[in-house]
Amino acid sequence: MRMSQLFTKTSKTIPADEQAKNAQLLIQAGYVYKEMAGVYAYLPLGIRVLENIKQIVREEMDAIGGQEMIMTNLQRQDVWEKTDRWDEKNVDVWFKTKLQNGTELGLAWSHEEPITEMMRSFIASYRDLPVYTYQFQTKLRNELRSKSGIMRGREFVMKDMYSYTVSEEAHKKFYDSVIDAYLRVFERVGLGDCTYLTFASGGAFTQFSHEFQTVTDAGEDTIYLHRGKKIAINKEVLTDEVMGQLGVKRDELEEVTAAEVGNIFSFGTKKSEPLDLYFVDEDDQRKPVILGSYGIGITRLMGVLVERLADEKGLVWPVNVAPFKMYIAALGVNENVTKAAENLYNTLTTAGVAVIYDDRDVRPGEKFADADLMGIPYRVVVSEKTLANNQYEVKARTEAEATYLDFDAVIKKVAS
RNA sequence: CGGGGUGUGGCGCAGUUGGCUAGCGCGCCUGGUUUGGGACCAGGAGGUCGAAGGUUCGAGUCCUUUCACCCCGACCA
């Protein structure tokens, strides 16, 4: 991508109507556009980050047997009535609308019911199980108050996975594999060292559910960390009994604020019974299917990355999720400089490496400031000075010192 | 939903107790000089002050209603 063709612009000032650091920086750097409170559009830079995060999640979900699909945003009333969740007294985040003939529809705030209803078409026998399916979907929630920028919006992207298994044992096994997969996801997006498997309130079928909480002041939850065991307990379930079960002592725990980036939950037969999702086992016995649901807030994760990693100069992206790996800044309007920069840009682009080439006729300071604000992991400077030694100046976003490399070394640096 | 705050060119802001043709910085357009950390000079375009109603000789400044946005709280399968 050439900087001169990118339609978004960076701004020298932060938007006055945003308080959250993630929203301030993402808007300032041109990653997102605020349509209204809690509703953000993802611009060319923003969607690249989002897609990179999704791809990591996709790979990990596929690795444990997940099959990707996508449900609909318009939902039926009758499906939700089966679990008594159509009523706004029970679910207060509904957006609803009507067909022209007056039929009421719901706008998807979750997909547990519709997807389970759908599975009746495909699950009849134990031979059809297990099923693990997931999607990346936009959820619409009529939150009373949105806040924290893209971390708590009325419209957001979530990866939600659902498991359908024959027994509690089979469920438990998959559930545990999801925990491992999630930990790999958070490791790969660059939050491994500050994201904790957290014990939270369960439901009718299990004592606990599990959350994945990333430590950040921008979060909304209070959790108690056990750094040694790399686990945490949500404040809502912190009791002597729970601490005893998990083998931790109160004075080993550290109270911190965190953001929930993932949640996994066992439903048992709580959904399958009212929604009539049964299967027949080897002994011709009719049994309800065991359900689990597993979510990762994709857009929230992006917000948390900003909150955790940004510095006083702007955004900072880990290489794995950055919109571009390298920012090529050509300094001056010199012909040789332009030629060398174009060559580097073309070589990397042809090799499939995402790089952004600042080909604008602006002063060096502006290019440096934009490279920093946009948070591109590596910045390479091409100028008469560097070319005099047949070299390129390469600086990591998170480091102060630059190194000088020749052409092949620059390629090697980002092509790995 | 309760409490608090804010709406003035694209962005960030200033506009004393109501008073003349509504300012400033950034950005934008034209020309020129510049080119290693957001340059400089000259000239220019762009707002009717969130919206509606009212008080007044006169309203960005006062009153009423309303909309939007931010923050705190409550809420968050």
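So you know, we letter chains A, B, ... as the sequences are listed, proteins then strands, and number each from 1. For clarity, every value in this text was computed on a predicted model and none was experimentally measured.
When both pairing distances are held under 3.5 Å, B/C49 makes no Watson-Crick or G-U pair with any nucleotide shown. Nucleotide B/G27 is matched to nothing when pairs are restricted to Watson-Crick or G-U wobble geometry with both distances under 3.5 angstrom. Across all strands shown, B/A39 forms a Watson-Crick or G-U wobble pair, both distances under 3.5 Å, with B/U33. In this structure, B/G73 and B/C1 make a Watson-Crick or G-U wobble pair, each of the two defining distances being under 3.5 angstrom. Nucleotide B/U21 forms a pair with no other nucleotide shown, judged by Watson-Crick or G-U wobble geometry with both contacts under 3.5 Å. Base pairing analysis places B/U6 opposite B/A68; the two distances defining the Watson-Crick or G-U wobble pair are each below 3.5 Å.
Nearest to the side-chain atoms of A/Lys12 among the listed nucleotides B/C69, B/G36, B/C26 stands B/C26. For A/Arg363, whose side chain is taken as the heavy atoms from C-beta onward, the closest listed nucleotide among B/C69, B/G36, B/U35 is B/U35. For A/Lys34, whose side chain is taken as the heavy atoms from C-beta onward, the closest listed nucleotide among B/C69, B/C76, B/A77 is B/C69. Ranking B/G38, B/C69, B/G36 by closeness to the A/Lys385 side chain, first place goes to B/G36. In this structure, the nucleotide among B/G38, B/G12, B/G36 sitting nearest to the side chain of A/Ala16 is B/G12. When distances are taken from the side chain of A/Gln19 to each of B/C71, B/U35, B/G36, the shortest belongs to B/C71. Among the nucleotides B/C69, B/A77, B/A74, the one closest to any side-chain atom of A/Arg85 is B/A77. The nucleotide whose nearest atom lies closest to any side-chain atom of A/Thr13 is, among B/C76, B/G12, B/C71, B/G12. In this structure, the nucleotide among B/C1, B/C13, B/G36 sitting nearest to the side chain of A/Arg145 is B/C1. Among the nucleotides B/G36, B/G38, B/C11, the one closest to the side chain of A/Ala369 is B/G38.
Taking atom P on both B/G19 and B/G58, the two are 15 Å apart, rounded to the nearest angstrom. Remark: the separation of the C1' atoms in B/C76 and B/G23 is 46 Å, to the nearest Å. Rounded to a whole angstrom, the distance from the C1' atom of B/U64 to that of B/U56 is 16 Å. Comparing B/U61 with B/G43, their C1' atoms sit 34 Å apart, to the nearest whole Å. Rounded to the nearest Å, the gap between the P atom of B/G60 and that of B/G7 is 16 Å. Annotation: B/C72 and B/U65 have their P atoms spaced 27 Å apart (nearest Å). Between B/A59 and B/C63, the two C1' atoms lie 11 Å apart (nearest whole Å). Distance check on atom P: B/G47 versus B/C24 gives 15 Å, rounded to whole Å.
Cation-pi geometry between A/Lys54 and A/Phe136 is met: the NZ or CZ atom falls under 6.0 Å from the ring centre, inside 45° of the normal. With a 6.0 Å cutoff to the six-membered ring centre and a 45° limit on the axis angle, A/Lys96 counts as a cation-pi contact of A/Trp86. Within the cation-pi definition used here (under 6.0 Å to the ring centroid, within 45° of the axis), A/Lys230 qualifies as a partner of A/Tyr196. The side-chain tip of A/Lys270 does not point at the ring of A/Phe267 from less than 6.0 angstrom away and within 45° of straight on.
If you check the side chains of A/Tyr404 and A/Glu393, you find a donor sitting under 3.5 Å from an acceptor. Donor-acceptor pairing under 3.5 Å is lacking for the side chains of A/Asp160 and A/Tyr134.
Counting non-hydrogen atoms under 4.0 angstrom, A/Glu18 reaches nothing in the nucleic acid. Nucleic acid contact for A/Val381: base, since at least one base atom lies under 4.0 Å from a heavy atom of the residue. Across all strands shown, A/Glu112 has heavy atoms under 4.0 Å from base atoms, whether or not it also approaches the sugar-phosphate. A/Thr386 comes within 4.0 angstrom of a base, heavy atoms only.
Residue-to-nucleotide contacts include no donor-acceptor pair under 3.5 Å from the side chain of A/Glu366 to the base of B/G37. One cannot find a donor-acceptor pair under 3.5 Å joining the base of B/G36 and the side-chain atoms of A/Arg379. At a cut-off of 3.5 angstrom, counting only N and O atoms as typed in the model, there is a donor on one side and an acceptor on the other between the side-chain of A/Asp372 and the base of B/G37. For B/C76, the base has a donor-acceptor partner in the side chain of A/Arg152 [N/O atoms by modelled type, under 3.5 angstrom].
Under the 4.0 Å criterion applied to side-chain N and carboxylate O atoms, A/Arg141 and A/Glu155 are not assigned as salt-bridge partners.
Both A/Ala20 and A/Glu220 lie close to RNA chain B; mapped to their nearest nucleotides by heavy-atom distance, the more 5′-ward contact belongs to A/Ala20. Taking for each of A/Met36 and A/Ile14 the nucleotide of RNA chain B with the nearest heavy atom, the 5'-most of the two is the partner of A/Ile14.
At whole-Å resolution of the value, NZ in A/Lys9 and P in B/C28 are 6 Å apart. The nearest whole Å value for the distance from the CD atom in A/Gln75 to the P atom in B/A77 is 17 Å. Atom pair A/Arg154:CZ and B/C69:C1' shows a separation of 11 Å (rounding to whole Å applied). Put simply, CZ on A/Arg397 is 17 Å from P on B/G37, counting in whole angstrom units. Distance, A/Asp370 CG to B/U35 C1': 16 Å, rounded to whole Å. When the P atom of B/A74 is taken as reference, atom CG of A/Asp92 falls 15 Å away, rounded to whole Å. One interatomic measurement links the two molecules: CD1 of A/Ile27 to P of B/C69, which rounds to 13 Å at whole-angstrom precision. As a whole-Å value, the separation of A/Leu144 CG from B/G3 P is 14 Å.
Among A/Glu113, A/Glu112, A/Glu117, the single residue meeting the salt bridge (charged side-chain N to carboxylate O under 4.0 Å, His left out) criterion with A/Lys82 is A/Glu117.
In this structure, A/Tyr132 has its ring center no closer than 6.0 Å to that of A/Tyr162.
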